[in-house]
There are 2 protein chains.
Amino acid sequence: MNPTDNSPLTLAEAKAQFVHTWGVSGASWGVSKTLAQVHALLLVSAVALSTEDLMEQLKISRGNASMTVRELLDWGLIYKELRPGERREYFVAEKDMLQVTRCIIRARKRRELDQMKRSLDQLAALPGDPANAEYRAFHSALTDIQQLATVSDKLLNRLMHAEKSWFWDKFIKLFM
Amino acid sequence: MNPTDNSPLTLAEAKAQFVHTWGVSGASWGVSKTLAQVHALLLVSAVALSTEDLMEQLKISRGNASMTVRELLDWGLIYKELRPGERREYFVAEKDMLQVTRCIIRARKRRELDQMKRSLDQLAALPGDPANAEYRAFHSALTDIQQLATVSDKLLNRLMHAEKSWFWDKFIKLFM
DNA sequence: CACAATTTTCAATAATTATTGAAAATTGTG
DNA sequence: CACAATTTTCAATAATTATTGAAAATTGTG
């Protein structure tokens, strides 16, 4: 069955393990397991895969495959590959990991951080009596969190818009 | 009822809104809503709170409060405050947001990134035929992901062990 | 060590989230 | 425009995760 049976894993097994691990990781970061697994499968695939392929390889339903693929397109993590004369759509993953990082940062920043900042701005503006210890504690916690949010925001913006060379240069030099 | 009724929100309402927002954010990052809410409540509280206080203010059960508090202690995000002559335990949050960031990075890195790196190392070592396009695609995706994981790991280590002044200095100067 | 105060555990249940799959919609082609 | 291929939608259901609450365990004190 396996032409290199003395090797610990076949390529298919290794891919399956990667898909599994990526799925578990995704799940613990609030991403659906299927989304992460479809992404993983496309990341390590040499060829574009159709919805049919995904359904078969991950044993998921047509509906699930369709919705998951659409969401990954939204994130910008995969692309459609249209083949002339074929109705069926194929998908390939963005393989450049800096680009992948950017897509994830952009999506999550917009959904979480930007919304959080809006809420913080509103709450930090709350007027109150500075002689009231409860008020002082609230206000000071809020401005600290705001400051962190602001710095994180700027940092993430920089990362998102960084040139590839800038990113690796600055970061590797600074941190390694 | 509210002594400053012309103000848009009372302090209690503002706290409640913060607790709610923090809870929603936590939930979308794979943390239980209750965990995030207990953390939020303690972050903006001027005084230490008991399990009883948490149960009452967040309307959660004793069991839930107990488990959540224990998990936050594990993360290092809150501390016990023992009062002489009292059996009951009180809790205060770590208020320094750099410290909070460190705790979160440390916990998540250990749980997710370190485990992912172990899996990647194993899979990237898979021998195979370089003439096989499927194998080449798999191997190259894996080494790219490994490189990202390694750089992320070093970056996070730096952040985790950074002095407060170093962190703000370097980062604010670099990114603002 | 008995007791009361408090915390922890964990099986049962509730709440939430993910998934299915059939029906409807869309798309391209003769 | 009819038809077949394919995708999308979404109500129903399954699977997962969070929460409860009562019983057991722990802790400190007389």
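Note that the coordinates shown come from a computational prediction; the quantities given were computed from them, not determined experimentally. Naming convention: chains lettered A, B, ... in sequence-line order (proteins, then strands); numbering from 1 in each chain.
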Checking only heavy atoms, does the side chain of B/R87 share a donor-acceptor pair with the base of D/dT26 at less than 3.5 Å?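 Pair found.
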For A/W22, the option from A/Q37, A/H39, A/Q17, A/K33 that meets side-chain contact (heavy atoms from CB on, under 4.5 Å):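 For A/W22, the side-chain contact (heavy atoms from CB on, under 4.5 Å) check succeeds only for A/H39.
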Nearest-Å distance, [atom1] ([X]) to [atom2] ([N])?
X	N	atom1	atom2	answer
B/E71	D/dT17	CD	C1'	13 Å
A/L35	D/dT16	CG	P	17 Å
B/E56	D/dT20	CD	C1'	18 Å
B/R88	D/dT26	CZ	C1'	16 Å
B/M55	C/dT7	CE	C1'	11 Å
B/M67	D/dA22	CE	C1'	14 Å
A/K33	D/dA14	NZ	P	17 Å
A/E86	C/dT26	CD	P	23 Å

Position toward the 5' end of DNA chain D (nearest nucleotide), A/S66 or B/V31: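 The residue closer to the strand's 5' end, by nearest nucleotide, is A/S66.
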If we count only N and O atoms by modelled type, under 3.5 Å, do the side chains of A/S50 and A/D53 hold a donor and an acceptor together?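 Side chains of A/S50 and A/D53: pair found under 3.5 Å.
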Would you say A/R118 and A/Q115 are linked by a side-chain donor-acceptor pair, where the criterion is simply a distance under 3.5 Å?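 Their side chains do not contain a donor-acceptor pair, so the 3.5 Å distance test is not met.
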I want to confirm an ordering. Mapping A/N64 and B/F91 to their closest nucleotides on DNA chain C, which one lands closer to the 5' end?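 Here B/F91 is the residue nearer the 5' end.
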Between A/R62 and B/K80, name the one whose nearest nucleotide on DNA chain C is closer to the 5' end.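 The 5'-side residue here is B/K80.
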Output field dot_bracket for DNA chain C (Watson-Crick or G-U, both distances under 3.5 Å, | for other-strand pairs) contains ||||||||||||||||||||||||||||||
Contact class for A/E89 (heavy atom, under 4.0 Å): base, sugar-phosphate, or nothing?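 Since only primed, P, OP1 and OP2 atoms lie under 4.0 Å of A/E89, the category is sugar-phosphate.
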Which pairs count as side-chain hydrogen bond (donor to acceptor under 3.5 Å, both in side chains) when at least one residue sits in residues 128-137 of chain B, sequence neighbours excluded?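 Found A/K15-B/E134.
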Residue pair B/Q57 / B/V19, side-chain heavy-atom distance below 4.5 Å: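 Counting from C-beta outward, B/Q57 and B/V19 never come under 4.5 Å.
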Just to verify, which of B/K80, B/R83, B/R70 counts as forming a salt bridge (Lys or Arg N to Asp or Glu O under 4.0 Å) with B/E89?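 Exactly one candidate clears the test, B/K80.
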Counting only side-chain heavy atoms from C-beta out, which of C/dT9, C/dT20, C/dT19 sits nearest to A/I60?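 Taking heavy atoms from C-beta onward, the closest nucleotide is C/dT20.
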Would you say A/K95 has more than 12 foreign heavy atoms packed within less than 6.0 Å of its NZ?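 Yes, NZ of A/K95 has more than 12 neighbouring heavy atoms, counting only those of other groups under 6.0 Å.
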